[in-house]
Amino acid sequence: MMISLFVAVLVLLQPVIEITDIQDRPNDAGDGLYLFLDMPDDTEDFLSCTIYRKEVSQPDSCWRPVSVELIPIVEEFIVDGYDPDYIVEPGREYMYRPVTVTLSGDTLTGEAFISQIVPKGEYFKTDEVSVLIAGALFILLIFYYFKKAQKGLEMYLRPIAGIEAIDEAIGRATEMGKPILYVPGLSTISDVATIASLTILGRVAKKIGQINQPPRIPASP
């Protein structure tokens, strides 16, 4: 009896893992939080740490394990929100409780920590500012050259070798008096490649209409 009581007292006096701070995860949709832990100096007897979470307004029966971390924890913080089964919802107030499991099977429960931070989403990722600037410049260049084209300014358009080959083939067929055969593809009309081929067919049909040459266009059933 005395030995069991002594072991229980040692378990209670053993230092536990505590949560010291919670921060909102940056550049997200408000679905993640950073949990900073205070680790004891001696963690040789620790096996893992389970993080429990519930909303502040919920009763104690709603504590749910949302993360299990093996000891030692190499990261500076734990991210809550990775597990799709235990999502973090924006605008909710949460509280957390760490429970440490020792090698002997004992569980050491830390103090409940109420987050002063409410998760919220950002409008855009700050680490993607370069992509935003490049996209804005690209759009400005498009409008700039649209204005120049509307003013009648002649601009150089790089010729496409495939289009020139089509024009050459149409002209050769006309000189030889042969009909023009255009194969849009071997797939059905719902295939992406066939749809792209129909776009080219529109230009070919326009060119053929100028020379009154009958086309032949087989289609897949």
Side-chain angles (χ1 to χ4, degrees), residues 1-139 192:
M1 181 66 181
M2 293 297 296
I3 295 177
S4 300
L5 182 60
F6 179 72
V7 172
V9 171
L10 288 180
V11 170
L12 292 174
L13 293 178
Q14 188 173 1
V16 297
I17 299 175
E18 299 285 1
I19 298 176
T20 59
D21 190 20
I22 296 178
Q23 297 293 332
D24 185 29
R25 183 173 63 179
N27 298 324
D28 67 354
D31 54 358
L33 291 171
Y34 287 161
L35 279 62
F36 294 85
L37 304 179
D38 180 23
M39 304 292 296
D41 295 333
D42 186 11
T43 59
E44 293 182 358
D45 296 334
F46 292 169
L47 176 62
S48 64
C49 178
T50 304
I51 305 297
Y52 288 80
R53 181 190 73 199
K54 77 178 187 70
E55 293 184 28
V56 175
S57 59
Q58 292 178 333
D60 289 341
S61 59
C62 294
W63 285 106
R64 296 190 304 173
V66 294
S67 178
V68 178
E69 303 291 334
L70 296 177
I71 305 299
I73 301 175
V74 297
E75 300 293 338
E76 181 183 0
F77 50 80
I78 296 175
V79 180
D80 181 25
Y82 277 147
D83 195 337
D85 294 330
Y86 305 101
I87 61 174
V88 173
E89 298 184 10
R92 300 292 182 90
E93 296 181 348
Y94 294 105
M95 59 189 305
Y96 293 85
R97 173 174 288 166
V99 176
T100 306
V101 179
T102 65
L103 294 175
S104 59
D106 298 322
T107 57
L108 308 175
T109 304
E111 294 290 334
F113 188 92
I114 300 177
S115 175
Q116 304 297 323
I117 301 298
V118 176
K120 60 180 181 179
E122 281 74 29
Y123 291 105
F124 62 92
K125 291 185 176 181
T126 56
D127 54 356
E128 299 290 345
V129 175
S130 58
V131 178
L132 177 64
I133 296 175
L137 290 176
F138 182 75
I139 294 175
V192 176

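Just so it is clear, the structure is predicted and the values come from calculations on it, not from any experiment.
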>> Asp28: which residues meet the salt bridge (Lys or Arg N to Asp or Glu O under 4.0 Å) condition with it, sequence neighbours left out?
In response: Arg25

> For Asp41, which residues count as a side-chain contact (heavy atoms from CB on, under 4.5 Å) partner, sequence neighbours excluded?
Replying inline: none

>> Checking Gln58 now: which residues fulfil side-chain hydrogen bond (donor to acceptor under 3.5 Å, both in side chains) with it, not counting sequence neighbours?
In response: none

> side-chain hydrogen bond (donor to acceptor under 3.5 Å, both in side chains) with Asn27: which residues, sequence neighbours excluded?
Replying inline: Thr126

> Who are the side-chain contact (heavy atoms from CB on, under 4.5 Å) partners of Pro65, not counting sequence neighbours?
Replying inline: Thr50, Tyr52

> For Thr20, which residues count as a side-chain contact (heavy atoms from CB on, under 4.5 Å) partner, sequence neighbours excluded?
Replying inline: Phe36, Asp38

>> Just to verify, what does Pro72 make a side-chain contact (heavy atoms from CB on, under 4.5 Å) with, not counting sequence neighbours?
In response: none

Could you list the donor-acceptor pairs under 3.5 angstrom formed between side-chain atoms of residues 109-120 and any protein atom two or more places apart in sequence or on another chain?
residue : atom : partner : partner atom : Å
Ser115  : OG   : Ile117  : N            : 3.1
Ser115  : OG   : Ile117  : O            : 2.8

> How would you list, by chain and number, every residue that makes a side-chain hydrogen bond (donor to acceptor under 3.5 Å, both in side chains) with Ser67, sequence neighbours excluded?
Replying inline: Glu69

>> Checking Tyr94 now: which residues fulfil ring-ring contact (aromatic ring centres under 6.0 Å, His included) with it, not counting sequence neighbours?
In response: none

> Mind checking what makes side-chain hydrogen bond (donor to acceptor under 3.5 Å, both in side chains) contact with Ser130, not counting sequence neighbours?
Replying inline: none

> Does Arg92 have any salt bridge (Lys or Arg N to Asp or Glu O under 4.0 Å) partners at least two apart in sequence or in another chain, and if so, which?
Replying inline: Glu55, Glu89

